[in-house]
Chemist: 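I am attaching a structure below and will ask some questions about it afterwards.
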Amino acid sequence: MLDFDVVVIGCGVAGMTASLYLKRANVNVCVLESNAPGGQLNMIMDINNYPGFKSIDGPTLAFNIFEQIRELNVTYKYAKVIEILNEEDKKIVKTNKGDITCKGVIIANGRRPRELGIDKEKKLLGKGISYCSICDGTLYKGKDVCVVGGGNAALESALYLSDICNKVYLIHRRDEFRGENLTLEKIKNRENIELLTSVKISEILETDEKVSGVILNNDETINCNAVFVNVGNVPMPIKCDNLEMDEGYIIVDSTMKTNIDKIYACGDIIKKDVYQISTAVGEATIAAMNIIKEL
């Protein structure tokens with residue numbers, strides 16, 4: 001006997017939405033997650049383009065959705081997926097907590113922050129290097145910090161930190177920012193945010209095994225206590241033999257089906273043009289409804 005009808009890998013907005021639709025259709029579903037429920041939502045300070053909410057922070061939205069699936073008694077397991085095995089009559093999802101058998105799988109494990117890829121970045125993670133200003137910003141109250149990036153995530157991170165920290169250096173390797181003009185105008189009106197463009201960090205300085213500053217590629221040294229990295233995202237790895245992928249992103253058709261029967265994918269892990277909360281919700285709905293038909 002199989003453990004579940006469907007296993008959903010990932011408890012971000014896509015995974016939670018898919019499980020919500022599956023459970024309401026009386027499908028025996030299990031959600032697997034190796035981090036906190038909510039995924040990338042937990043890193044977003046302010047959401048003002050999601051229908052129904054003039055403004056809401058990511059962690060609150062994540063908690064609200066998680067509460068919905070908990071009220072429906074969706075099975076939730078904290079586990080890291082190692083591999084998906086595709087057998088003729090079942091799927092086997094191998095995790096660090098044991099194997100789970102099911103009829104079908106929805107992959108919604110999303111993306112993770114891209115690293116700068118420079119020396120000492122990994123070593124000083126949690127010691128001044130961070131990829132989430134909401135998670136770690138309060139640790140540097142009244143101190144000087146750097147934010148690296150030029151998109152909306154970096155701009156919003158700088159704004160958030162400017163309310164907590166003494167000084168925020170916003171470092172971008174290009175001469176123009178890619179974020180929304182409205183957010184950029186807010187940043188320009190903050191006296192404690194300094195914009196540094198056409199430069200990048202070449203070295204991270206440390207004192208007593210903590211970040212103490214950075215050296216830019218123009219040889220300028222900035223003394224700071226933390227570096228918040230917001231330079232985009234990369235797909236979370238997933239292992240499944242013969243699964244069609246493109247640079248780590250899963251290829252799906254219009255029904256969110258992969259090239260393997262009864263394996264679907266949705267959200268930020270799939271190859272697409274637009275990565276938004278609203279698109280992830282829509283894709284998860286499509287994936288859930290179509291895997292129900294196939295089962």
Side-chain angles (χ1 to χ4, degrees), residues 2 4-34 37-41 49-51 61-62 65-66 68-69 72 74-77 81 83-93 95 100-112 233-295:
L2 301 179
F4 296 95
D5 293 325
V6 177
V7 168
V8 176
I9 300 173
C11 196
V13 64
M16 290 191 290
T17 300
S19 66
L20 190 155
Y21 274 84
L22 290 166
K23 189 66 175 182
R24 289 180 63 86
N26 203 31
V27 174
N28 186 17
V29 57
C30 173
V31 181
L32 301 178
E33 177 57 68
S34 60
Q40 292 284 78
L41 282 180
N49 61 357
Y50 190 70
L61 181 58
I65 304 172
F66 188 64
Q68 282 184 277
I69 69 170
L72 288 173
V74 172
T75 301
Y76 172 83
K77 293 181 180 291
V81 174
E83 185 178 8
I84 303 170
L85 299 180
N86 179 40
E87 299 196 353
E88 185 175 349
D89 59 340
K90 63 185 176 183
K91 315 295 181 188
I92 302 175
V93 181
T95 81
I100 301 173
T101 57
C102 57
K103 298 176 183 177
V105 175
I106 295 179
I107 305 170
N109 59 334
R111 303 189 290 180
R112 60 175 174 81
N233 299 284
V234 294
M236 292 290 289
I238 191 78
K239 184 177 180 183
C240 180
D241 286 347
N242 302 316
L243 182 64
E244 187 177 357
M245 306 179 80
D246 182 1
E247 297 182 341
Y249 290 96
I250 300 172
I251 305 298
V252 296
D253 62 19
S254 60
T255 68
M256 301 299 124
K257 186 177 181 179
T258 70
N259 61 308
I260 300 175
D261 284 346
K262 298 184 182 67
I263 296 183
Y264 289 72
C266 56
D268 286 2
I269 190 61
I270 68 172
K271 185 74 172 180
K272 56 180 180 176
D273 294 325
V274 180
Y275 293 87
Q276 293 287 314
I277 298 171
S278 55
T279 57
V281 168
E283 293 149 7
T285 305
I286 293 170
M289 298 302 287
N290 281 287
I291 200 171
I292 290 169
K293 293 178 183 177
E294 189 170 4
L295 294 178

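Predicted model, so just to flag it, every value in this text is computed and none were measured.
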Chemist: For a quick test of reading the model, state the closest non-hydrogen atom pair linking Ile69 to Cys11 and the distance between them.
Modeler: CD1-SG, 4.3 Å
Chemist: Could you check if a side-chain atom of Val6 sits within less than 4.5 angstrom of a side-chain atom of Lys103, using non-hydrogen atoms only?
Modeler: no
Chemist: So does Glu33 pair up with Lys77, basic N to acidic O under 4.0 Å?
Modeler: no
Chemist: Quick check: do Val281 and Tyr50 have side-chain heavy atoms less than 4.5 Å from each other?
Modeler: yes
Chemist: How many angstroms lie between CD1 in Ile291 and SG in Cys266, if you round to the nearest 0.5 Å?
Modeler: 9.5 Å
Chemist: Any idea which heavy atoms bring Ala14 and Ala284 closest together, and the distance?
Modeler: O-CB, 3.1 Å
Chemist: Looking at residues at least two apart in the chain, or sitting in another chain, which of them share a ring-ring contact (aromatic ring centres under 6.0 Å, His included) with Tyr275?
Modeler: Tyr249
Chemist: How far apart are the C-alpha atoms of Asp268 and Gln40, what are their side-chain angles, what is the distance that settles it, and do they pass the side chain to side chain donor-acceptor pair (under 3.5 Å) test?
Modeler: CA-CA 10 Å; Asp268 286 2; Gln40 292 284 78; 5.5 Å; no
Chemist: Taking the side chain as every heavy atom from C-beta outward, state whether Lys262 and Leu295 have any pair of such atoms under 4.5 Å apart.
Modeler: yes
Chemist: Should Ile107 and Tyr264 count as side-chain neighbours, where that means a heavy-atom distance under 4.5 Å?
Modeler: no
Chemist: If you apply the rule side-chain contact (heavy atoms from CB on, under 4.5 Å), what do you find for Ile9 with Val105, and how did you get there?
Modeler: CA-CA 8 Å; Ile9 300 173; Val105 175; 3.8 Å; yes
Chemist: Asn86 vs Asn242, test: side-chain contact (heavy atoms from CB on, under 4.5 Å). Steps then yes/no.
Modeler: CA-CA 9 Å; Asn86 179 40; Asn242 302 316; over 6 Å; no
Chemist: Apply the side-chain contact (heavy atoms from CB on, under 4.5 Å) test between Ile250 and each candidate in Met245, Lys271, Glu244; give the one that qualifies.
Modeler: Met245
Chemist: Evaluate Asp241 against Ile84 for side-chain contact (heavy atoms from CB on, under 4.5 Å), listing each step before the verdict.
Modeler: CA-CA 8 Å; Asp241 286 347; Ile84 303 170; over 6 Å; no
Chemist: Any side-chain heavy atom of Val81 within less than 4.5 Å of one from Asn109?
Modeler: no
Chemist: Pairs under 3.5 angstrom only: tabulate donor-acceptor contacts from the side chains of residues 251-258 to other protein residues two or more places apart or in another chain.
Modeler:
unit_1 : atom_1 : unit_2 : atom_2 : d
Asp253 : OD1    : Thr255 : N      : 2.8
Asp253 : OD1    : Thr255 : OG1    : 2.6
Asp253 : OD1    : Met256 : N      : 3.3
Asp253 : OD1    : Lys257 : N      : 3.0
Lys257 : NZ     : Asp261 : OD1    : 3.2
Lys257 : NZ     : Glu294 : OE2    : 3.3
Thr258 : OG1    : Ile260 : N      : 3.1
Thr258 : OG1    : Ile260 : O      : 3.3
Thr258 : OG1    : Ile263 : O      : 2.7

Chemist: Are there over 12 heavy-atom neighbours, none belonging to Glu87, within less than 6.0 Å of that residue's CD?
Modeler: yes
Chemist: Considering non-hydrogen atoms only, spot the tightest contact between Ala280 and Val13 and give its length.
Modeler: CB-CG1, 3.8 Å
Chemist: Should Ile238 and Glu83 count as side-chain neighbours, where that means a heavy-atom distance under 4.5 Å?
Modeler: no
Chemist: Enumerate, atom names and distances included, each donor-acceptor pair closer than 3.5 Å involving a side-chain atom of residues 19-30, sequence neighbours excluded.
Modeler:
unit_1 : atom_1 : unit_2 : atom_2 : d
Ser19  : OG     : Gly15  : O      : 3.3
Ser19  : OG     : Met16  : O      : 2.8
Asn28  : ND2    : Asp3   : O      : 3.4

Chemist: Which pair of non-hydrogen atoms, one from Gly38 and one from Ala62, has the smallest distance, and what is that distance?
Modeler: CA-CB, 3.6 Å
Chemist: Of the non-hydrogen atoms in Ile106 and Ala18, which two are nearest, and what is the gap between them?
Modeler: CD1-CB, 4.1 Å
Chemist: Do Pro235 and Ile269 come within less than 4.5 Å of each other through their side chains, counting heavy atoms only?
Modeler: yes
Chemist: One pair to check against side-chain contact (heavy atoms from CB on, under 4.5 Å): Ile100 and Ile92. What are the steps and the verdict?
Modeler: CA-CA 6 Å; Ile100 301 173; Ile92 302 175; over 6 Å; no
